[in-house]
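Read the structure below first, then the notes.
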Amino acid sequence: MDSFTQIVLGASVAYLTLPKQMGKHRLWIGALFGTIPDLDVWIARVFYSDPLTEVMIHRGFSHSIVFFVLLSVFSAYFLRKIVIFHHISFKTLFYSLFVILFTHSLLDIFTTWGTQLFWPFADKLSLHSIFVIDPLYSLPLTFGLWMSIKKTNQTYNRIGLISSTAYLISTLLIQKYIEIKVNDKFTNQKVVSMVAKPTAMNTILWNVIVETDEKFYLTQVHIFDKSIEPFLSFDKNHEYLKEVSLPLKKQLKNITQGQYTVEKSSQGLVVNDMRFGLLKNEESDHQFAFSYLLNEENGIWNVKEQPKKNRDGKELLKKISIRIMNPLK
C-alpha cells in the first residue's frame with residue numbers, strides 16, 4: 001500500500017499494543033516501523049541500475065518474517081536502553097514492533113505486487129484484491145486513530161482498525177464474484193488462470209486477466225454490469241525470448257508472475273507485464289502500465305523500462321471514473 005496508509009497503520013497498531021505510559025511516543029514509533037520495510041525502494045535505486053532488479057528487491061527481504069524478527073529483537077533492545085523506555089519489558093516491545101512490521105506485509109499481500117513474506121523462498125504472495133491506494137481502506141483507519149488521539153480513547157482506534165480490516169476482507173468476496181461472472185464466458189475454452197484486480201482507488205471496477213495456452217484476454221467488469229465488455233486478446237509470444245539469456249528469462253517470469261506477453265519492435269523486444277493492465281487503450285495503440293525493452297549489445301542483454309506519460313495516467317483515471325458511473329446494461 002501507499003506510504004501514508006502504512007504509516008497510519010503502523011501508528012494505529014503501536015497505539016493499541018504499546019503501553020499507555022509511553023504516551024504519544026507510541027505514534028512516532030509506529031509510524032517509523034510502519035514505513036521501514038518500504039525503504040528497500042530507495043536502497044534498490046541507490047545500488048542497482050536496472051529496473052528488473054529494483055522490482056525484485058522491493059517487497060523482498062525487508063518484507064519477510066526473518067527481517068521482522070531480527071529488526072524487532074535489535075530495536076526492542078535498543079529502545080530499552082533509552083532512559084524513557086527502560087521500564088518497558090523487552091517482551092512487550094518485541095511483540096509490538098513485530099506486529100507493526102508484520103501487519104505492513106499482511107496488508108501488502110492483498111495488493112498486486114505481493115510480498116516475499118517467507119524469504120528466502122522466492123515466491124511473492126499476492127491476493128490482488130486491493131489497489132495500492134484505496135481511500136475506503138485508509139480513511140476509516142485514519143479517522144479512528146485521529147479520534148483516539150483527540151479523545152484519548154482507544155475505542156475509536158479499534159473501530160478504525162476493525163472497519164478497515166472488514167473492508168479488506170470484503171474485497172476478496174467482491175473479487176470472487178467478479179471472477180465467477182467472467183468464468184461463465186470461458187466454459188468452452190481451457191483456462192490456465194484467471195485473476196480479477198481492482199482498477200485505481202476503488203473496488204467497483206475490476207480488470208480481469210484470463211490466460212489460455214496461447215493468449216491472454218483482458219476486460220473490465222463493473223460489479224453492477226449485466227453484460228461483459230468485449231475481451232481484448234494478446235498473443236503470448238513467449239517463444240520470442242528463446243535467444244534471451246536464461247537468468248533474464250527467469251527474472252522476467254518471476255517479476256511478472258508469468259503474466260507477460262512479448263512483442264518485436266525496431267529497438268528490440270518489448271515485454272509487457274500484464275498484471276497492471278493497460279495504461280492506454282486506443283484502437284491502434286495499446287500501452288501497458290509496465291513494459292520493458294530488451295536489446296542485445298555485444299552479447300549482453302540490456303533492459304529499460306518503457307517511459308510513461310503523465311497525461312496517459314490522467315486520461316486513464318478519467319476513463320475509470322466515467323466507467324464506474326456507467327455499468328453496462
Side-chain angles (χ1 to χ4, degrees), residues 1-47 54-111 113-127 130 132 137-138 141-142 144-145 148-149 154 157-158 160-162 164-165 168-169:
M1 294 292 283
D2 63 284
S3 296
F4 172 78
T5 300
Q6 291 289 12
I7 287 171
V8 173
L9 176 60
S12 297
V13 173
Y15 203 62
L16 187 66
T17 59
L18 285 172
K20 290 182 180 179
Q21 57 264 42
M22 293 179 69
K24 291 188 178 180
H25 291 297
R26 292 175 290 176
L27 297 175
W28 66 259
I29 289 174
L32 173 62
F33 281 84
T35 198
I36 280 177
D38 285 339
L39 295 180
D40 59 358
V41 173
W42 305 104
I43 293 172
R45 288 176 182 173
V46 170
F47 292 100
E54 287 183 21
V55 172
M56 286 190 69
I57 288 175
H58 182 41
R59 296 192 181 178
F61 173 67
S62 70
H63 286 65
S64 69
I65 292 175
V66 173
F67 176 76
F68 299 158
V69 171
L70 293 175
L71 182 61
S72 297
V73 168
F74 171 81
S75 300
Y77 176 81
F78 175 77
L79 289 173
R80 288 206 72 223
K81 290 298 181 180
I82 299 176
V83 176
I84 56 174
F85 297 138
H86 72 275
H87 56 292
I88 308 298
S89 73
F90 174 87
K91 182 179 179 180
T92 298
L93 288 171
F94 171 84
Y95 165 77
S96 180
L97 296 177
F98 180 84
V99 172
I100 293 167
L101 294 165
F102 189 63
T103 51
H104 178 118
S105 251
L106 284 183
L107 178 55
D108 279 347
I109 285 172
F110 281 80
T111 68
W113 286 101
T115 63
Q116 203 172 343
L117 187 64
F118 298 111
W119 182 95
F121 297 102
D123 291 342
K124 288 187 176 181
L125 306 179
S126 53
L127 296 174
I130 193 169
V132 290
Y137 177 86
S138 304
L141 193 67
T142 305
L145 178 61
S148 276
I149 296 169
Q154 280 286 4
N157 190 32
R158 290 192 181 96
L161 283 165
I162 292 170
S164 59
T165 302
L168 199 59
I169 294 171

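Just so you know, these numbers use all the heavy atoms, side chains as well, and skip hydrogens, waters and symmetry mates. Here, residue 1 is the first one in the sequence, and each next residue gets the next number.
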| remark: Per side chain to side chain contact (heavy atoms under 4.5 Å, CB included), Tyr15 is matched among Lys24, Gln154, Met22 by Gln154
| Parallel, tilted or perpendicular, as decided by the 30° and 60° cut-offs, for the rings of Phe85 and Trp28 |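 Ring orientation of Trp28 relative to Phe85: tilted.
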Side-chain contact test, heavy atoms from C-beta onward, threshold under 4.5 Å: evaluate it for [X] versus [Y] and give yes or no.
X	Y	value
Phe68	Ile36	no
Ser126	Lys124	no
Leu79	Ile88	no

Using atom types as modelled and distance alone, determine if a side-chain donor or acceptor of [X] lies under 3.5 Å from a backbone N or O of [Y].
X	Y	result
Thr111	Asp108	yes
Thr103	Ile100	yes
Ser72	Phe98	yes
Ser96	Leu93	no

| message | Let's go through Val99 and Phe33 carefully: what are the C-alpha distance in whole Å and the side-chain angles of both, what is the deciding distance for side-chain contact (heavy atoms from CB on, under 4.5 Å) to 0.1 Å, and is it a yes or a no? | response | CA-CA 10 Å; Val99 172; Phe33 281 84; over 6 Å; no
| request: Give the C-alpha distance, both sets of side-chain angles, the deciding distance and a yes or no for side-chain contact (heavy atoms from CB on, under 4.5 Å) between Met1 and Leu9. | output: CA-CA 10 Å; Met1 294 292 283; Leu9 176 60; over 6 Å; no
| query | Checking side-chain hydrogen bond (donor to acceptor under 3.5 Å, both in side chains) against His63, which of Gln116, His104, His58 comes through? | reply | His104
Could you tell me the separation between the [atom1] atom of [X] and the [atom2] atom of [Y], rounded to the nearest 0.5 Å?
X	Y	atom1	atom2	result
Phe118	Ile65	CZ	CD1	4.5 Å
Thr35	Asp2	OG1	CG	10.0 Å
Leu145	Ser12	CG	OG	4.0 Å
Thr115	Leu127	OG1	CG	9.0 Å
Ile130	Ile109	CD1	CD1	13.5 Å
Ser105	Arg59	OG	CZ	8.5 Å

| task | I would like to know whether Phe90 and Val73 meet side-chain contact (heavy atoms from CB on, under 4.5 Å); could you show each step before the answer? | result | CA-CA 8 Å; Phe90 174 87; Val73 168; 4.2 Å; yes
| How far apart are the closest heavy atoms of Gly30 and Ala14, and which atoms are they? | CA-CB, 3.5 Å
| task | Mind listing the closest non-hydrogen atom pair of Phe94 and Val69 along with its distance? | result |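 That would be CE1-O, 3.8 Å.
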| message | Go through it in stages, so that I can follow the logic: the residues are Phe61 and Ser64, the test is side-chain contact (heavy atoms from CB on, under 4.5 Å), and I'd like the CA-CA distance, side-chain angles, deciding distance and then a yes or no. | response | CA-CA 5 Å; Phe61 173 67; Ser64 69; 3.8 Å; yes
| said: Hydrogens and angles aside, do Asn157 and Ser148 bring a side-chain donor and acceptor to less than 3.5 Å of each other? | reply: no
